[in-house]
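Computed over heavy atoms, backbone and side chain alike; hydrogens, waters and symmetry mates excluded. So you know, we letter chains A, B, ... as the sequences are listed, proteins then strands, and number each from 1.
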Amino acid sequence: MQLYPLKLVTVVGESVIMDDIAKEGVKLGATGYTMTDAAGEGSRGARNVLVSSGAKTQKVEFVVPMEVAEKILKHVSHTYFEHYACIAWLADVQVVRGQQYL
Amino acid sequence: MQLYPLKLVTVVGESVIMDDIAKEGVKLGATGYTMTDAAGEGSRGARNVLVSSGAKTQKVEFVVPMEVAEKILKHVSHTYFEHYACIAWLADVQVVRGQQYL
Amino acid sequence: MQLYPLKLVTVVGESVIMDDIAKEGVKLGATGYTMTDAAGEGSRGARNVLVSSGAKTQKVEFVVPMEVAEKILKHVSHTYFEHYACIAWLADVQVVRGQQYL
Amino acid sequence: MMIPLCSDLLAVAPPVVVAIATAEQLSRILESLERNLLTPIPLCFVLGIICTRIHGGIKIPKELYLSIAIFLLMSIGFVGGHELAHEYQEHGVSTIWKPALATLFLGCLTPITSFLVLRYVGRLSIADSAGIAAHYGSTSAVTYAVANSFVEQSQHPANSFLPTLVTILECPGIAIALVLGAALMARERAVKGGGGKAGEGKLWEALYEVMTGQSIMLMAGLLVIGFVSTMFMSEQAFQPFYDFFQSKGMLFRGCLCIFLLEMGLVAGERLGDLLKVGPFLVAFGVGIALVHGFLGAYFGHLAGLNLGGCTVLAAIVASASYIAAPPAVRLTLPEANPTLSITAALAITFPFNIAFGIPIYYEMAKWLGAT
Amino acid sequence: MMIPLCSDLLAVAPPVVVAIATAEQLSRILESLERNLLTPIPLCFVLGIICTRIHGGIKIPKELYLSIAIFLLMSIGFVGGHELAHEYQEHGVSTIWKPALATLFLGCLTPITSFLVLRYVGRLSIADSAGIAAHYGSTSAVTYAVANSFVEQSQHPANSFLPTLVTILECPGIAIALVLGAALMARERAVKGGGGKAGEGKLWEALYEVMTGQSIMLMAGLLVIGFVSTMFMSEQAFQPFYDFFQSKGMLFRGCLCIFLLEMGLVAGERLGDLLKVGPFLVAFGVGIALVHGFLGAYFGHLAGLNLGGCTVLAAIVASASYIAAPPAVRLTLPEANPTLSITAALAITFPFNIAFGIPIYYEMAKWLGAT
Amino acid sequence: MMIPLCSDLLAVAPPVVVAIATAEQLSRILESLERNLLTPIPLCFVLGIICTRIHGGIKIPKELYLSIAIFLLMSIGFVGGHELAHEYQEHGVSTIWKPALATLFLGCLTPITSFLVLRYVGRLSIADSAGIAAHYGSTSAVTYAVANSFVEQSQHPANSFLPTLVTILECPGIAIALVLGAALMARERAVKGGGGKAGEGKLWEALYEVMTGQSIMLMAGLLVIGFVSTMFMSEQAFQPFYDFFQSKGMLFRGCLCIFLLEMGLVAGERLGDLLKVGPFLVAFGVGIALVHGFLGAYFGHLAGLNLGGCTVLAAIVASASYIAAPPAVRLTLPEANPTLSITAALAITFPFNIAFGIPIYYEMAKWLGAT
Ligand SMILES: Nc1ncnc2c1ncn2[C@@H]1O[C@H](COP(=O)(O)O)[C@@H](O)[C@H]1O
Ligand SMILES: Nc1ncnc2c1ncn2[C@@H]1O[C@H](COP(=O)(O)O)[C@@H](O)[C@H]1O
Ligand SMILES: Nc1ncnc2c1ncn2[C@@H]1O[C@H](COP(=O)(O)O)[C@@H](O)[C@H]1O
Ligand code: NA
Ligand code: NA
Ligand code: NA
């Protein structure tokens, strides 16, 4: 079975911004995203506020090629890191039928 | 501390099939699985329907040796990729007391 | 954009111990953690009991440098593996502005 | 039995369409429309649609939605069992068996009419036709609840055993459509020589899942519980349970408001899909509701239901399932596009029934002579 | 105080067993069984079990389950506080202190009886014995609610301060069993020379967590709130709160139905474990309930409770905790297998009490002379 | 209109402070305090605080909390619409337009007074001042509910259209504070030459989100629904809906108890932040409530509200939003520290209003001559 080497971008942050990040990720080239409710603590976690959808912290994941990953990480770090509670990282994954996500 | 190199197989898809995928993964050799409720968008996300357990999208993860990982990915891709909204990937992980999961 | 190579430690286990693990991880040097509700099966999954917060199984993730990762894994494996349902693994990640998490 | 009834029906149908258009009836329909629409339940649905369309912030936690669904199903079952016990104590099964048979017959007929129209008029694929037919062959408990509160407000309460009919109508339609779809697709595949993959082996599993699904287990289970406890409990001890579940009570009505708000939110999102699904499906969603509604009223009347009963039976026959059917169809006919069926059921037929259908079926039932 | 009571008891016990078997009593028990079983609350439990066994689709969102648990605990506390205020205004503490002491005594006795039987008759490990004893030393609020509704239906309502006794019974049993288990295991470990790991340091933490856990905080907190607001509010202002929380009301009874449905779903899954846990535990789950139930009825009667009160006290003493105890035991005695304790508490003792235990305790209380 | 009113106000203010201190009034306040505090609603809040402080185990699922919030907002809207319909049928808009205008005026005034005090007395940053001002410019639906139940218990029910005023008060304050904050920060940034990043482009988006947010959609939507269905439905058909939503009913009061328990749990956690936010903010949280409360009572009286109405208007003007405001502020003014605003709103002003504010506003309204 052929597997395509792609990147998994994970962003965890306060839920007030996570819907926007998911949408912006798609605009920057991701073919989709997966969002999970979470809870967490960090250096600025107390900033999180309750939104009407419930969770204070959310995690969003994108399976993307490296260029898109870079774009998303740059965008997130430039737009949100200063004032919002959030963390972002990158990992290597092998994706089934990965050509769909290029 | 000894760590065992194993594979982490992640499948995200519409929840109507995710219980089956978890069970089938165990049948194919996984010693267990972890399931999380999620939300997401993708090329076929609109296909997701509400099931009585609530979430429309779920994520299931298996920590398994490479042979089992291949079997699970093949099975999932062969059985579900054509008609169901789902995505699957593989990552390298180092597992504590990993011999239990071989 | 500069990315820092760090470790992602993931622990999945019965929720009766997960709050403690999260706190102990921070004590051992993690700058934060992310916790998700999950469900799962494993060799000892039947041990899980309902706690008043709801989920029987939870997942906690730490982005940390290798030394802290080792400490957390050692602690978890030494303290909880014998009697509690839980699994722990390590993966490589590249973290944005990773110096914050050192 | 089916053939004479059908020819009967054909003889009756055309005049209906004409008759229904008389001025007096139209004005009566308009009046009931007003009486029907300007009440909290449909207005909450409208609020939900508006909120979605203007990207408003109402978010009903899905656990609340699921909890209310559970309560409504339990309530329909329990009250049904309670009323059935009274009916049974007074009349035995004499008043019930005919409506029950008629309902069963309608539950077998409607998936077939739907399939035929979709496949041969709409030229949809086998999978899509069968998938949508499964939705229209089953029923919507919420439509039942709204219809029931309409006839109560009109001072023509339905026969007491109507909730039992809802339970009867839940399953057969889904089962027939799924079996039909799977069989036709297997034949097609055999002809084309392609090998089936997912879905096939899952047909019986899915049928079992429908028959033991949440809707049917809760409705049928509470029906039995309501029946038994009415038989064996003192009235005083029974009262708090009745107060909790009773469908005229504040809990049922209030929960229905919140439920319809959420349905409006979901339907509002689906409105955008109306363009995608095309004009045929819109016409189908309204047309088949009217046809099935007329069949419901007609057979209900034949089986001896009263005016309210005919109206409610018409409404539930005309309604399409959007809770039990979708996962079953998704598992069995994965080639079927759920956007088509859910949009039709939820964004076309459901609001049509809530707003216009129910008063129309009421007039149909009246015109057929039900009292 | 304990010694004379105990010898008293030994003199009384054997005839009970004989007497309870007289034909007339048996037929009365069967009658109450019918009156007890054929009501919505136990029937919902049965529906849950059936649904799980046939792999049916009922899914109660865990948030609904947790919310109902919160409501039931608040309700028991609030009504308890309200009734306590009335009792206090009329009789001061004169009627209450004896039952309270008796309950406290039973709360300390039952974990020990359980432990001894499990360890020396059942030959279970120290950890398992202490873990199960913690469950049986505490109580189940739902069993209280069902027993209470049984005696009300039997026209013998319990003394008004019974909810207070539930609160008293919640903690001591868990605490005693955990301390006992931890101490014995430490000794054993010292003998064997092995080093303890997790759990040990967590004993005091876990005890504190039990004492400030959700069950006790809500029950005791609302007890105080119910007491204070009964004292200071006008009746009219108090009414809506009372209507909301009152345990004879539609909300309490209805929520209990849904809660028991979920408990049936969980117990149904545990039924499969009955084989695993073996015949001893099944016998224990029934036998210890009968013994503790008799002790409850006996000491309740000594302390001056009425017929309903003795029955309810017997039921709560006989019941086993499955909400507060499991996490506490899991943290403190991780070597204990939760499958044993939860299966015993939830799949054996709870259904036994609901179905057979409560009517039996009622007869026991009658036989003891309670009126 | 604004200027004469303001000078009026200045003439009135000092004597108030003196007058309010007379012995008789103080004892009356103490009496109402007791009557107010020793009721389940504030006691549940206290229980929540205690539970958090002693690390107790009460956990309200967030879905329950959100569901109750939805119910309370719908209820306030629905009852508001119902009462508005009655008022309108009897008096047209003659009695309503003045209070509505006064409320709108107060909604525009309070964010500005708050901002000025925070920025120039407290020397907070622009972002923090504007962020906190947005909270205090809006209102808290729960404070409304508690104030309303207070005046009902005091036999001085508020004018029927008060819920309408809550709806009017929700938005303008947030909008004004956010626009003010964004404008001043842009100017400051322009001066400093720094380039703005997040937040800026999101102002209009956030304003739109406030105006179509859950609170306003549910309250305004149900207001219309309550109004329309009161106009068009028979009383009998309307009754179950009214019973479900009515704010004197058991559901509303009971849900309020659970909601305040959760608010107590959250406020308890914030208590630890009181030290961090410092004495100025504590003083601000109390002082601004008293000032805004007085303004509310004063303008309410000018606009012709009765004693209960003035009290409730004072309470809602004095209250600070902690549901709608926080996400809006977080999106628009990310530099503002949410710990400051949420601690002030939830751990200072809210409990102050619930415990002391409402009875004080009642006395203020009396002193101003409202009857
Ligand atoms: N070291 C970490 N490991 C895992 N998750 C983290 C870590 N630091 C922060 N987080 C997550 O990121 C969110 C925001 O973090 P922060 O911006 O540091 O407050 C927290 O709520 C956590 O869920
Ligand atoms: N590029 C992606 N990155 C992360 N998750 C994805 C991606 N594409 C799809 N998904 C997830 O997989 C599910 C099914 O995707 P699809 O089959 O593309 O509709 C979606 O609901 C998402 O949760
Ligand atoms: N092979 C596996 N892959 C993924 N998750 C696992 C695996 N084994 C166990 N788990 C998770 O770890 C929890 C405890 O596992 P265990 O201790 O094996 O019962 C389970 O509830 C699962 O959520
Ligand atoms: Na139908
Ligand atoms: Na016990
Ligand atoms: Na305000």
Name all residues meeting the ring-ring contact (aromatic ring centres under 6.0 Å, His included) criterion together with D:Phe252; count only those two or more places apart in sequence or in a different chain, and write none if there are none. none

Identify the heavy atoms of F:Gly181 and F:Ala130 that sit nearest to each other, and give their distance. CA-CB, 3.5 Å

Among the listed options F:Val224, F:Leu66, F:Leu73, F:Ile70, the residue most often paired with chain D at heavy-atom distances under 4.5 Å: F:Ile70

Side chain, backbone, both or neither: which part of D:Leu261 has a non-hydrogen atom closer than 4.5 Å to chain F? side chain

Name the region of F:Met217, side chain, backbone, both or neither, that has any atom closer than 4.5 Å to a heavy atom of chain D. both

When you scan chain D against chain F, which donor-acceptor pairs turn up at less than 3.5 Å?
unit_1  : atom_1 : unit_2   : atom_2 : d
D:Ile54 : O      : F:Tyr208 : OH     : 2.6
D:Gly57 : N      : F:Thr212 : O      : 2.6
D:Lys59 : N      : F:Gln214 : OE1    : 2.6

Could you tell me which residues satisfy side-chain contact (heavy atoms from CB on, under 4.5 Å) with D:Ala147, sequence neighbours excluded, listed by chain and number? D:Val312, D:Ala315, D:Ile358

Can you name the nearest heavy-atom pair linking F:Ala134 to F:Leu178, along with the distance? CB-CD2, 4.4 Å

Shortest non-hydrogen contact between D:Cys310 and D:Leu305, atoms and distance: SG-O, 3.7 Å

ring-ring contact (aromatic ring centres under 6.0 Å, His included) against D:Phe78, all qualifying residues, sequence neighbours excluded: D:Phe238, D:Phe245

Scanning both residues in full, the closest heavy-atom pair of F:Ala267 with F:Phe45 reads CB-CZ, 3.8 Å

